[in-house]
Protein chains: 2
Amino acid sequence: MLKLSTKGQYGVRAMFEIARGYPENPVTIKEISERQDVSVAYLEQILNKLRRAGLIKSVKGPGGGYLLAAEPDKISIAVILKELEGPVAITSCLDPEEGCARVEGCVTHLLWRSLGAKIEAFLETITLNNLIEQEHLLKGDRRDKIYRFDVA
Amino acid sequence: MLKLSTKGQYGVRAMFEIARGYPENPVTIKEISERQDVSVAYLEQILNKLRRAGLIKSVKGPGGGYLLAAEPDKISIAVILKELEGPVAITSCLDPEEGCARVEGCVTHLLWRSLGAKIEAFLETITLNNLIEQEHLLKGDRRDKIYRFDVA
DNA sequence: ATAATACTTTACTAATTTTGTCAAGTATTG
DNA sequence: CAATACTTGACAAAATTAGTAAAGTATTAT
């Protein structure tokens with residue numbers, strides 16, 4: 001339950017690859033495709049959304065590619081997922097687009113709202129920079145710090 | 001994003017209705033159907049799963065219906081949802097049934113795992129009894145305690 | 001100039017999941 | 001023994017997901 005679509009998953013992984021090139025090295029779709037094993041055509045869709053949302057910039061021509069539009073510690077996982085999948089909305093009646101007929105006096109409504117808020121709050125605390133840091137820990141020998149996200 | 005299916009939503013609402021009858025009053029499918037506006041046939045599917053999981057008991061014959069199999073404060077939302085929708089698995093590679101080829105050195109994997117753990121932990125703290133309490137607060141005048149789930 | 005590289009956009013579709021309905025029972029008891 | 005209630009399994013329409021495909025436009029190294 002509570003699955004994330006591949007669009008969201010791939011989007012985060014793509015942003016992670018682009019973040020590695022920050023601030024000078026444009027990363028091409030092809031590179032992302034190869035490293036993350038996602039088709040170029042599908043990535044185009046995803047990166048397009050992220051570019052229009054202002055999270056990344058693109059550089060055309062040979063040697064071009066994608067660049068982060070802000071510093072890696074300013075871009076949260078929450079922002080990326082919101083652009084690709086819309087707001088956290090455990091139930092459809094919590095989606096701002098839809099609305100709910102039974103809001104008043106509905107106990108489960110409160111429950112789902114609280115859960116959604118908790119999820120958002122968590123995802124807002126994690127940034128691309130945290131992912132990069134975490135990878136360094138994984139590849140390095142600082143095994144003592146390894147499950148950092150559990151602490152946050 | 002991160003939607004819950006209607007099966008999970010209706011299941012929690014049905015359990016809430018059954019909890020109101022605890023410990024003596026069997027609640028019929030028809031009553032649940034009317035109060036929660038879900039078809040009888042669909043509820044049958046849902047309640048069947050919950051009964052087989054041992055969360056509720058059924059009493060046949062006139063005056064029969066469904067009863068909670070345990071005390072309302074012993075049944076968490078997490079348990080109900082797990083029976084109806086399987087474990088929390090933000091990505092399919094985190095589903096115990098599937099597995100993941102890239103676990104080692106995969107940073108996002110850690111992220112999704114942490115998120116899933118947080119969600120489960122939260123849902124385990126909320127019981128049917130909490131829902132009933134919360135409803136009393138909503139209907140009563142203790143407006144000061146109203147958003148209880150946010151605190152938990 | 002122009003070929004190579006790279007991004008952009010829109011349309012389409014196969015597969016999967018969700019959200020149920022339907023039919024034909026079985027079990028219990030007043 | 002009829003009324004009430006639960007039980008089971010098959011089936012299917014609708015929505016969503018997860019992509020592919022095609023036909024571009026833009027930039028720049030040489």
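To find a chain, count down the sequence lines: A is the first, B the second, and so on, and within it residues start at 1. Everything numeric here is computed off the predicted structure, so don't read it as measured data. All values below come from the heavy atoms of this structure, side chains included, with hydrogens, waters and symmetry mates left out.
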Which listed nucleotide (C:dA6, C:dT19, C:dT9) is nearest to the side chain of B:K7? C:dT19
Taking atom types as modelled, find out whether B:T108 and A:Q9 have a side-chain donor-acceptor pair closer than 3.5 angstrom. no
Value in whole Å for how far the C1' atom of D:dT27 lies from OH of A:Y66: 14 Å
Does A:E83 pair with A:R52 as a salt bridge, N-O distance under 4.0 Å? no
Phosphate oxygens OP1/OP2 of D:dA18: is one of them under 4.0 Å from a side-chain N or O of A:S5? yes
Closest-nucleotide mapping onto DNA chain D: is A:K60 or A:Y42 further toward the 5' terminus? I mean the 5' end. A:Y42
Calculate the interatomic distance between B:L2 atom CG and D:dT17 atom P; express it in whole Å. 11 Å
Return the value, rounded to whole Å, for the distance between atom CG of B:L84 and atom P of C:dT18. 12 Å
Closest to the A:N48 side chain: C:dT9, D:dG19, D:dT8? C:dT9
Distance in angstrom units between A:L50 CG and C:dT9 P, rounded: 13 Å
Gap between atoms CG and P, on B:L43 and D:dA5 respectively (whole Å): 14 Å
Looking only at side-chain N and O atoms, does A:T6 come under 4.0 Å of OP1 or OP2 in D:dA18? yes
Under 4.0 Å between any heavy atoms, over every strand shown, what does A:I29 touch: base, sugar-phosphate, or nothing? Just pick one. sugar-phosphate
Show your working on side-chain contact (heavy atoms from CB on, under 4.5 Å) between B:L115 and A:I77 and close with a plain yes or no. CA-CA 11 Å; B:L115 175 58; A:I77 307 301; over 6 Å; no
B:G8 backbone acceptor or donor facing B:E85 side chain under 3.5 Å: yes
Toward the 5' end of DNA chain C, which comes first, B:V40 or B:E85, by nearest nucleotide? B:E85
Counting heavy atoms from C-beta on, name the nucleotide in C:dA11, C:dT21, C:dT8 closest to the side chain of B:Q45. C:dT21
Could you pick out which residue, A:R51 or A:P62, lies toward the 5' side of DNA chain C when each is mapped onto its nearest nucleotide? A:P62
Can you check the A:N25 CG to C:dA6 P distance for me, whole Å? 13 Å
N or O in side chain of B:T28 less than 4.0 angstrom from D:dA5 OP1/OP2: no
side-chain contact (heavy atoms from CB on, under 4.5 Å) with B:I56: of B:I75, B:N48, B:L47, B:L67, only one passes, and it is B:L47
Whole-Å gap separating C1' (C:dG20) and OH (B:Y10): 9 Å
A:S58 side chain, from C-beta outward: closest of D:dT7, D:dG19, C:dT8: C:dT8
To the nearest Å, give me how far apart CD (A:E44) and C1' (C:dT10) are. 12 Å
